[in-house]
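Comments concern the structure below.
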Amino acid sequence: MDRYNPKKIEAKWQKRWAKEQLFFAKDESSKPKKYILIEFPYPSGDGLHMGHMRSYVAGDAISRYWRMRGYEVMYPIGWDAFGLPAENYAIKHGVQPKVSTAKNIKHMHQQMDALGLSFDWSREVNTTDPEYYKWTQWLFLQFYKAGLAYEATGLINWCPKDKTGLANEEVIDGKCERCGTVVEKKELRQWYLKITAYAEKLIEGLKDLDWPEPVKIQQINWIGKKEGINIDYQIADRPEKVTCFTTRPDTNFGATFIVIGPEHPLLARQSVLQIEDKHWQQIENYKQKVAQTGELERTMENRQKSGVFTGLYCVNNLNDYHMPLYVADYVLGNVGTGAVIGVPGHDKRDFEFAKVFDLPVIRVVQKDKNDNDPITEPDQVQEDEGIMVNSDFLDGMDIHTATKEISNHLVKKGWAQKTISYKLRDWVFSRQRYWGEPIPLVHCEKCALQDPSGRGTVAVPDEDLPVKLPEVDKYEPTGTGESPLAAVEKWVNTKCPQCDGPAKRETDTMPQWAGSSWYWLRYSDPHNKKVFADKEKLAKWQPVDLYFGGMEHTTLHLLYSRFWNQFLYDQGLVTQPEPYLRRQPHGIILGEDGEKMSKSRGNVVSPDALIEKHGADAARMYQMFLGPHEAMISWNDRGIVGVSRFLEKIWRWANGPTQGTDSPTVTKALNKLIKKVGEDIEGIQFNTAVAAMMDFYNQVKNESVSPTLIKKFLQVLYPFAPHIAEELNEVLGGKTSLQLETWPEFDPAQIIDQQIKLVVQINGKTRAVVEVVADLGEAEAKTLALASAVVQKHLAGQSIRQVIYRPDRLINLVV
RNA sequence: GCCUGAGUGGCGGAAUUGGCUUUACGCGCACGACUCAAAAUCGUGUGGUCUCACGACCAUGUGGGUUCGACUCCCACCUCAGGCACCA
């Protein structure tokens with residue numbers, strides 16, 4: 001018997017699997033399909049890390065399992081290769097992103113092979129391949145043609161380090177998602193995708209998906225749907241009105257002022273509201289001061305309230321109260337209508353503002369009858385639950401009834417409209433960087449003259465796609481808000497596809513999320529040159545049955561790609577409204593010190609090192625044994641020897657002398673194992689599946705076994721440690737790959753125990769365990785229980801008042 | 001502040017339609033076998049306190065509650081992790 005040598009056998013089987021093309025998913029297969037997806041990686045110079053490995057190994061095990069269960073499994077792989085690191089590398093080293101990306105892909109491909117991952121390489125895609133981004137551009141144009149891609153100038157998030165605009169989702173804690181730099185606000189012309197048009201559908205669509213509840217909730221909270229009412233307030237002596245959004249119209253009799261944000265259109269010029277000079281001067285100054293304040297600072301809580309009076313008053317139609325109109329930066333221009341009603345008695349922020357400007361505070365809600373004290377301190381401000389007072393026809397109602405009553409009243413009078421507001425903002429879709437898909441539009445001055453919008457933006461015709469990214473010498477972002485592409489005159493200057501006159505290309509590129517917003521669709525039909533994917537092939541493979549990935553994409557990729565899919569579904573271009581039926585997030589793997597793995601900390605453990613030291617099978621299996629797939633885990637190097645030892649034991653066991661017969665213990669244990677492991681794989685509970693296999697070995701190691709039984713065990717082991725399973729199967733005389741075998745069936749009769757252990761409790765405390773035959777009646781059970789000496793001792797002559805009996809489980813004697 | 005999760009041995013973690021004396025499986029540790037010796041391997045043990053021992057009692061973040069019986073259900077609180085946040 002040779003020693004277990006992972007390196008040797010793993011290389012052998014990896015070669016053989018590739019040669020036999022065992023993992024290619026066949027479009028024409030008549031088997032039912034399973035589409036297992038992992039988030040395709042960014043081809044980084046650092047190669048695969050633990051997070052990749054965790055997902056890929058899990059996806060691999062479950063793919064191998066479903067293939068054995070008779071499914072045509074698609075487990076594809078590709079490269080999300082546009083993005084900043086390649087570009088920054090290019091700036092530093094002068095290497096073309098195309099070149100460094102190709103190198104990284106080659107390296108990571110080797111790493112994946114070394115792990116024995118059963119990807120279908122015939123479907124490999126790369127987002128930076130013109131054959132791929134041709135369709136990214138084409139899909140963008142579908143949004144454009146449907147009016148869901150638009151150009152606008154506005155204050156957007158700007159990363160001063162990466163020198164590009166960012167979407168809301170890319171700002172974490174006021175910082176750039178990529179580099180951690182504090183984000184600034186910058187006025188820029190940008191392309192937007194109208195994701196807000198799908199806010200409702202994005203919430204609705206989640207209902208029937210088999211996703212973890214927290215992930216759904218996080219998306220729903222991000223979309224932030226709120227039902228409320230827009231109330232119009234007439235400005236006294238002016239024709240204009242101020243519209244305020246509120247979810248608490250019930251408190252309207254307590255309104256004592258109105259606040260609008262400094263960005264509000266009514267403050268764009270002095271002339272709009274005919275504001276008096278002395279007030280306008282202050283407003284101008286205030287606006288300037290606010291513009292210089294960072295977004296992060298401005299939205300800090302407990303910040304001293306500030307503001308300026310406009311000299312104008314708004315009229316509350318309910319009671320003719322004239323409310324002074326203020327400008328203050330605690331009201332944000334992009335939230336609601338950019339104007340709020342000041343109800344200092346029942347909103348903490350309004351109260352703080354009222355204190356600064358010495359505005360009256362009126363109580364309109366009381367907790368109970370005795371709750372009459374004037375509100376003078378912030379902690380007396382009551383924001384929920386209570387009974388209405390000082391509110392005319394609302395008096396005596398609870399706040400919920402009052403909300404309904406007054407809403408109906410205001411709407412009927414024509415003073416307000418019910419409305420729904422969302423926190424979700426439209427998706428800033430242009431970036432001022434080089435390494436991305438060019439936005440396939442052309443700006444034509446001549447056509448602009450004919451265009452009612454005055455823009456003259458013309459879509460590049462389908463037959464001229466892709467608009468290829470030109471090769472340049474300088475990748476540096478300009479920092480002016482213009483993409484480096486703007487400097488490539490030969491590329492920028494083009495002919496207008498509409499009028500044939502001189503025109504300029506759009507020089508912004510798409511964000512890194514563009515290519516990943518549809519890649520799972522392309523896998524269905526990756527080589528199609530006529531359409532982004534053939535509809536029949538989409539129908540064959542979509543939707544994704546199981547999607548592995550990280551929690552960090554909940555409000556990024558997962559939201560964006562659902563939006564694209566829903567839009568394409570509405571356009572009749574895809575066959576499923578939702579792309580991913582089941583989502584399985586993985587926990588972050590921390591370094592051994594409990595900190596996030598990072599090069600600077602020096603706590604990185606690479607898959608390469610594990611494979612080198614213990615072999616791919618042990619590395620895979622340990623990854624699965626570590627803990628629940630979704631749990632955050634601190635890496636621990638020591639434990640892997642346990643898995644290595646287990647594999648070595650299996651090696652010796654299967655290579656050892658085997659007699660012809662299986663003992664009843666062995667047969668039973670195997671049947672139970674088949675059931676348990678199958679259930680655990682389907683439930684993605686690999687850690688307990690591995691434990692069950694170890695337990696199985698402990699039970700059977702000294703028993704007599706047949707080669708047939710060992711072979712069945714190897715089939716169970718195969719999804720986890722495929723190389724050693726294949727090798728041992730061959731040792732036992734197997735001629736074909738285990739991948740072609742079917743998953744063993746268990747015999748239900750073998751699972752049921754004839755003899756069971758009945759727990760005997762006295763007053764709920766377990767005192768004894770007696771062996772009895774299954775399906776025993778209560779009387780017999782009681783007799784058997786009482787026969788136990790231990791039980792007799794604990795009863796010590798006390799009389800039994802009650803007997804609780806759960807067949808095959810326990811009997812509890814209450815004395 | 002709000003929304004999610006999670007707190008079980010020295011460590012990673014098992015067990016929740018409430019019930020097989022909490023801690024499966026693995027690591028670590030201790031002792032033993034093999035060996036001249038070591039490694040590897042195999043075997044035994046391993047929550048705490050008290051006890052020579054049989055055994056008793058206490059233990060699933062803390063405090064209550066429901067129940068014949070609670071890691072599991074309910075209430076309050078503490079700690080940690082993730083998300084959101086002057087959101088009207």
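Fair warning: this is a prediction, and the values are worked out from it, not measured in the lab. Every chain is numbered from 1, with letters handed out A, B, ... down the list of sequences.
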Protein-proximity profile, nucleotides 12-23 of chain B, B/S/- by nucleotide at the 4.0 Å heavy-atom cutoff, equals BSS----BBB--
Given the options A/Lys305, A/Arg349, A/Arg303, A/Lys287, A/Asp329 meets salt bridge (charged side-chain N to carboxylate O under 4.0 Å, His left out) only with A/Arg303
Under 3.5 Å, is there a donor-acceptor pair between the side chain of A/Thr337 and the main chain of A/Thr243?
-> yes
Touch check for A/Arg801, heavy atoms < 4.0 angstrom, all strands: base, sugar-phosphate only, or nothing?
-> nothing
So what does A/Val331 touch, heavy atoms closer than 4.0 Å: a base, only the sugar-phosphate, or nothing?
-> base
Does A/Glu39 come within less than 4.0 Å of A/Arg583, counting only side-chain N to carboxylate O?
-> yes
When you measure from the side chain of A/Arg645, which nucleotide among B/G43, B/A88, B/C27 comes out closest?
-> B/C27
Rounded off to whole Å, could you give me the CD-to-C1' distance for the A/Gln623 and B/G26 pair?
-> 15 Å
Report yes if at least one side-chain N or O of A/Lys423 is closer than 4.0 Å to OP1 or OP2 of B/C3; otherwise report no.
-> no
Do any side-chain nitrogens or oxygens of A/Arg652 fall under 4.0 Å of OP1 or OP2 in B/A40?
-> no
So what does A/Lys596 touch, heavy atoms closer than 4.0 Å: a base, only the sugar-phosphate, or nothing?
-> nothing
Aromatic plane relationship, A/His557 with A/His553 - under 30° parallel, 30 to 60° tilted, over 60° perpendicular = perpendicular
Check the side chains of A/Ser644 and A/Tyr4 for a donor-acceptor pair under 3.5 angstrom, ignoring hydrogens and angles.
-> no
P atoms of B/A33 and B/C11, separation to the nearest Å = 31 Å
May I ask you to evaluate whether A/Lys765 reaches the phosphate of B/G69, defined as a side-chain N or O under 4.0 Å from OP1 or OP2?
-> no
Heavy-atom donor-acceptor pair, A/Lys305 side-chain to B/C86 base, under 3.5 Å | yes
Interatomic distance at P, B/A59 relative to B/A70, whole Å | 11 Å
For residues 624-635 of chain A, the side chain to side chain donor-acceptor pair (under 3.5 Å) pairs (sequence neighbours left out) are A/Trp635-A/Asp637
Contact class for A/Asn698 (heavy atom, under 4.0 Å): base, sugar-phosphate, or nothing?
-> sugar-phosphate
Looking only at side-chain N and O atoms, does A/Arg3 come under 4.0 Å of OP1 or OP2 in B/A40?
-> no
Which part of the nucleic acid does A/Lys225 contact within heavy-atom distance under 4.0 Å: base, sugar-phosphate only, or nothing?
-> nothing
When the ring centroid of A/Phe357 is compared with that of A/Phe257, is the distance short of 6.0 Å?
-> no
